[in-house]
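Presented below is the structure to which this report refers.
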4 protein chains.
Amino acid sequence: MNAAAACFVERGFHGAGMAAIAKKAEMSPGHIYHYFSTKNDIIAAIVERESAAKVAFFKAFCDVEPENILQVLLDKVDEGVEKCADPFESILSREILAETQRNREIAQIVHRHHEDSLKVFVDILTSKLGVEDVESKVNCMKAMFSGIMIQVLVNPKLDRVALTAEVKRLIKFMLSGEKSTI
Amino acid sequence: MNAAAACFVERGFHGAGMAAIAKKAEMSPGHIYHYFSTKNDIIAAIVERESAAKVAFFKAFCDVEPENILQVLLDKVDEGVEKCADPFESILSREILAETQRNREIAQIVHRHHEDSLKVFVDILTSKLGVEDVESKVNCMKAMFSGIMIQVLVNPKLDRVALTAEVKRLIKFMLSGEKSTI
Amino acid sequence: MNAAAACFVERGFHGAGMAAIAKKAEMSPGHIYHYFSTKNDIIAAIVERESAAKVAFFKAFCDVEPENILQVLLDKVDEGVEKCADPFESILSREILAETQRNREIAQIVHRHHEDSLKVFVDILTSKLGVEDVESKVNCMKAMFSGIMIQVLVNPKLDRVALTAEVKRLIKFMLSGEKSTI
Amino acid sequence: MNAAAACFVERGFHGAGMAAIAKKAEMSPGHIYHYFSTKNDIIAAIVERESAAKVAFFKAFCDVEPENILQVLLDKVDEGVEKCADPFESILSREILAETQRNREIAQIVHRHHEDSLKVFVDILTSKLGVEDVESKVNCMKAMFSGIMIQVLVNPKLDRVALTAEVKRLIKFMLSGEKSTI
DNA sequence: TATGAATGAGACTTCATTCAT
DNA sequence: AATGAATGAAGTCTCATTCAT
């Protein structure tokens, strides 16, 4: 699976052939079919793994004390932006995105995990911060990060440091429950 | 080109064969090659057109009076979110994204237009609103909208109305130059 | 026809498309079909012309006085070798050769002219030099020259001057009716 | 490769499709690409093999005693002329010739082997016969034989027996070091 | 458990030729 | 006489998957 992921990052889900994956895995093409019955199964397994990792990222906030949650959250922004810019991770994420659009099985996996992570995060923020209208705020944050992952691709000159600062400011604003004065 | 775009939306750049495009365009496969010398050229032409349309969207703000700009901007948020959710438009955009990752020629087109639109929008906001640190704010907004385009895909249950409201609140906050109190 | 010949030299009978020929001839592809009903007809016309030119080369010897024939012949060797090395002429000749192998209609044209030129040349030598076994000598000379045309292709370093001298020596030997002493 | 060679002789390098080759080889078209990565590679392999065989023909003279070399050479003339007339062999040779004109990769292979064979033969004749100006004589002989290969094509009525006799006479003359008296 | 040769449908692209204008 | 848009069959090559060993 790691071999496959590496190939997929390098050439894309469809650009990478079973032969290349087999070679990277030091296996014969035929033998891969003992572990996965279809190329699509490999993709699904990788999508499952990646998606689960993202849900786990949110679950990590469960154990944080309510009074620290905002700070921990802001501290994690740097990590989040960094991940969006990490070549391996971000390429794979975007590849999954593309597949989500064309492949019903993959779409289901992605939807399920996104639903999970949304629920987890909404619960955390509701119970620990007590802000109103949490769901749309969480969706906003998710949009921000998936959007950053895209901006990194479409704008190679993106100033990540400045962007990180602005993102933090926005998150602070959202979660503080402040009303905009304009 | 419209036929090709329709096919690409339906099956993806790589899922749609020249034969299918030819059929939709009511042409023979061979004749397509009088207009485009490569399938990739068709893709490039469509990407060019879509990207230019997005730049035009930003240029529309040039003629707005400074005192109205914030309001006009907020009014356009609804349209922006709607576009992100429009099946045809958003599928095509995401397809372009996927191609940007694997196809150097497409990447160049996309980069060029993103640079343009960034510049145009930064200029507008600088001259008409005079806020600080415009570029990272613009990047933030761009990230928001590209992120929404993705959330629409990964979260079919997304509440667009609530999200739109929150986005407006954030934009107001960003452009008002207010400092977060926390 | 000149346009076609130029294209054929540049890209080969099959590498050159009707579109390219039309362009070089400053004509529309369709209009070529007013003069030739098939691409093969163009090729045939060119082959006819080239072959006729070669026969004419031999007919030129008809008017030479018997006592000068050997000297004139030897003088013409330089011209013959030069022609074998001329890019345009030799490329076209070799292209014709290739076509002769695959294309019955072309083969017939080529056969007819070769028969002509053989007959013409045999007659000349018989009447003016009175050597024995003229036909095989003529065939030998023809082989030499067609062979040189090939050596020029397969051996780019060929020393044409030295080769010309040797060829002259052989022709002198052949036509002098001398017997080899070994 | 034999299947391919057979197809190429029958229809030419470009007339023979991969489908036909696959059929003759009792293979699927796709499987050919396990052995050769391109149609051109198949052609190159065949050209390599044919060219090497020709070099080997010359190397065979290395082991002949100096006093027998002229006789052995003359004996080989019959075999040489026969090869030029052998349908399979000569068609393939002429096909290679045509390809040499249009295909840089093939041209390099052909050039390399011709250089080799020239060198080998020049060395043999220099050391065993001690005649002057060997290179142009060797080139002359090569021209003769490649020319015969062509005459066989352009003149179906060619009298090979008479031609063979004349060729022998010429070779004897060339290698005996005799001076023409005219 | 493991191999890798083999399959064959389907992808993009080319090009001689036609025909309405 | 002239155009050039249009055709569609055929070409080379790719690749997920199978199966005898």
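Chain letters run A, B, ... following the sequence lines, proteins first and then strands; every chain starts at 1. Keep in mind it's a predicted model, so treat the numbers as computed, not measured.
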- State the dot-bracket string of DNA chain E. Criteria: Watson-Crick or G-U wobble, both atom distances under 3.5 angstrom; notation: ( ) intrastrand, [ ] crossing earlier pairs, | interstrand, . unpaired. .||||||||||||||||||||
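Distances were taken from every side-chain heavy atom of Met27(B) (C-beta onward) to each of dT3(F), dT7(F), dG4(E); the shortest belongs to dT7(F).
Taking atom CZ of residue Phe13(B) and atom C1' of nucleotide dC12(E), one finds them 17 Å apart after rounding to whole Å. Rounded to an integer number of Å, the gap from NZ of Lys23(A) to C1' of dA2(E) is 19 Å. Remark: P of dT13(E) and CD1 of Ile21(B) are 10 Å apart, rounded to the nearest angstrom. Rounded to an integer number of Å, the gap from Glu26(C) CD to dT3(F) C1' is 15 Å.
Looking at Lys54(D) and Ser93(D), their side chains do bring a donor and an acceptor atom within 3.5 Å of each other. Side-chain contact check for His113(D) and Glu50(D): no donor-acceptor pair (N or O, by modelled atom type) lies under 3.5 Å. Judged purely by distance below 3.5 Å, without hydrogens or angles, the side chains of Asn155(C) and Gln151(C) never pair a donor atom with an acceptor atom. Side chains of Asp41(A) and Ser37(A): a donor on one and an acceptor on the other come within 3.5 Å.
Smallest separation of non-hydrogen atoms from Ile42(D) and Ala4(D): CG2-CB, 3.6 Å.
Residue order along DNA chain E, read from the 5' end via each residue's closest nucleotide, puts Gly17(B) first among His14(C) and Gly17(B). Both Ala16(D) and Gly15(A) lie near DNA chain F, and the one whose nearest nucleotide falls closer to the 5' end is Ala16(D).
Regarding contacts with the backbone of dG4(E), every side-chain N or O of Ser28(A) stays at 4.0 angstrom or more from both OP1 and OP2.
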- Query: Could you go step by step and tell me if Glu99(A) and Arg94(A) meet the salt bridge (Lys or Arg N to Asp or Glu O under 4.0 Å) rule?
  - Reply: CA-CA 9 Å; Glu99(A) 200 61 16; Arg94(A) 288 185 299 246; over 6 Å; no
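If you check residues 31-45 of chain A against DNA chain F, the residues with a heavy atom closer than 4.0 Å are Tyr33(A), Thr38(A), Lys39(A), listed by number.
The backbone N or O of Glu48(D) sits nowhere less than 3.5 Å from a side-chain atom of Ser51(D) that would complete a donor-acceptor pair. Remark: side-chain polar atoms of His31(A) are not paired, donor with acceptor, to backbone N or O of Ala22(A) under 3.5 angstrom.
When the shell of 6.0 Å around CZ of Arg102(D) is examined, it contains more than 12 heavy atoms from other residues, nucleotides or ligands.
Using a 4.0 Å heavy-atom criterion, one finds that Met18(A) contacts the bases of the nucleic acid, with or without backbone contacts as well.
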